[in-house]
Amino acid sequence: MKRVEHILAALGGVDNVVSIEPCVTRLRCQVRHGEQVDEQALRRAGAHGVTMQGHSVQVIVGPDADLLASDLEDLWGEERES
């Protein structure tokens, strides 16, 4: 499983993710159900930190946030279509 697949699964899967946006060193995510987010799994997938407030999740991933966000959006789109 690729890093982006682990991150998407830790965010609660494709049905839980509303949006993903990169912001310098973070992935800013909106989720439907915050309780489905697995913070420890995000850390195992390489996150340096995770902050959660309601339906907003920020995953601190470092300088490759733009690339990860792009890969996540591609994967998210593929899984939503299937």
Side-chain angles (χ1 to χ4, degrees):
M1 192 180 268
K2 296 180 186 178
R3 182 178 184 195
V4 293
E5 292 170 329
H6 286 288
I7 292 172
L8 184 59
L11 289 170
V14 69
D15 292 332
N16 196 43
V17 176
V18 176
S19 66
I20 301 168
E21 294 180 28
C23 180
V24 187
T25 61
R26 301 167 187 254
L27 299 173
R28 293 181 184 227
C29 308
Q30 290 293 317
V31 296
R32 288 184 174 81
H33 307 285
E35 67 276 2
Q36 291 183 9
V37 176
D38 185 342
E39 185 175 337
Q40 292 305 315
L42 286 168
R43 290 180 184 275
R44 285 191 301 274
H48 302 289
V50 178
T51 59
M52 294 179 53
Q53 186 171 8
H55 297 281
S56 297
V57 181
Q58 290 189 27
V59 183
I60 303 164
V61 293
D64 57 346
D66 284 328
L67 179 60
L68 278 172
S70 178
D71 290 347
L72 277 165
E73 288 173 355
D74 290 346
L75 179 62
W76 181 45
E78 288 172 13
E79 289 192 18
R80 289 181 77 183
E81 291 174 4
S82 55

Working to the nearest 0.5 Å, report the span between CZ of Arg43 and CD1 of Ile60.
8.0 Å
How long is the gap from CD1 on Ile7 to CD on Glu5, to the nearest 0.5 Å?
10.5 Å
Residue pair Leu42, Met52: steps toward the side-chain contact (heavy atoms from CB on, under 4.5 Å) verdict:
CA-CA 12 Å; Leu42 286 168; Met52 294 179 53; over 6 Å; no
Contacts of Asn16 that satisfy side chain to side chain contact (heavy atoms under 4.5 Å, CB included) - sequence neighbours left out
Val31, Arg32, His33, Gln36, Val37
Interatomic distance, Leu75 atom CG to Lys2 atom NZ [nearest 0.5 angstrom]:
8.0 Å
One should read off an interatomic distance between His6 NE2 and Leu11 CG, to the nearest 0.5 angstrom, of 13.0 Å
Enumerate, atom names and distances included, each donor-acceptor pair closer than 3.5 Å involving a side-chain atom of residues 19-30, sequence neighbours excluded.
from, atom 1, to, atom 2, distance (Å)
Arg26, NH1, Gln58, OE1, 3.0
Gln30, NE2, Ser56, OG, 2.7

Counting only heavy atoms not in Glu35, do more than 12 sit closer than 6.0 Å to its CD atom?
yes
Salt bridge (charged side-chain N to carboxylate O under 4.0 Å, His left out) partners for Arg44, two or more places apart
none
